[in-house]
Amino acid sequence: LKMYSFMGGGLFCAIVGNILLVVSTATDYWMQYRLSGNYAHQGLWRYCMSNKCYMQTDSIAYWNATRAFMILSGMSCFAGIIAGIMSFSHFSSFERFNRSFVAGIMFFVSTFFVLLGMAIYTGVTINFLGRRFGDWRFSWSYILGWVGMLMTFFAGIFYICAYRMCECRRGTGTR
């Protein structure tokens, strides 16, 4: 029963984390700044000034890297959710294939991708854009990315704990 509690908690964290990652990646509020007296904001795909939004057409390496890592994190988190849902069923054609372990690893992979994307964006923003714009700040889309990273990390912890409980139970059951 405890194992299912860990899996349920992990699944909850993963679903919330995946939603946060998708919203963070898709929205336009990673950074807000003042440009020529007007407030502007930008995301990974668009920037908005004077209530009009424009596509980011420049192929800048750090945006492309951040986009790629955020998309990869969402995809690996979704794969972990599928494995996590499947781990509730006991029918397995592979005895050595533990779905709880796979789900936990996928959530850690997702966490790693988010960490890479957020670190790249943070480093470039602080070192380059922060000097270019005097009055700027990170905004809510950016913060959702960090919270999504924490949620996928805790999902991984919960699923690895569930896996360890399953392994302990299996080890004591065979004696």
With distance as the sole test, does [X] use its side chain to make a donor-acceptor pair with the main-chain N or O of [Y] at under 3.5 Å?
{"X": "R46", "Y": "D28", "result": "no"}
{"X": "D58", "Y": "I60", "result": "no"}
{"X": "W30", "Y": "S24", "result": "yes"}

Exercise. Name all pairs fulfilling the side-chain hydrogen bond (donor to acceptor under 3.5 Å, both in side chains) condition that reach into residues 110-122, sequence neighbours left out, sorted by first residue then second.
Key: T111-T152, T122-Y142

Exercise. Name all pairs fulfilling the side-chain hydrogen bond (donor to acceptor under 3.5 Å, both in side chains) condition that reach into residues 69-78, sequence neighbours left out, sorted by first residue then second.
Key: none

Exercise. Could you pull out all residues at least two apart from R137 that satisfy side chain to side chain contact (heavy atoms under 4.5 Å, CB included)?
Key: Q32

Self-check item: Pairing residues for W140 by the side chain to side chain contact (heavy atoms under 4.5 Å, CB included) criterion, not counting sequence neighbours
Solution: V23, T27, Y29, L144

Hey, does [Y] have a side-chain heavy atom less than 4.5 Å from the side chain of [X]?
{"X": "V114", "Y": "F69", "result": "no"}
{"X": "M31", "Y": "S139", "result": "no"}
{"X": "M75", "Y": "M106", "result": "no"}

Quiz prompt | Check: F107 ring centre within less than 6.0 Å of Y159 ring centre | solution = yes

Quiz item: Is the distance between the ring centroids of Y47 and W45 less than 6.0 Å?
Solution: no

Counting heavy atoms not belonging to [X], are there more than 12 under 6.0 Å from its [atom1]?
{"X": "N38", "atom1": "CG", "value": "yes"}
{"X": "Y62", "atom1": "OH", "value": "yes"}
{"X": "F78", "atom1": "CZ", "value": "no"}

Quiz prompt | Counterpart residues, ring-ring contact (aromatic ring centres under 6.0 Å, His included), relative to F154 (two or more places apart) | solution = none

Can you give each donor-acceptor pair under 3.5 Å made by side-chain atoms of residues 14-21, sequence neighbours left out, with the distance rounded to 0.1 Å?
none

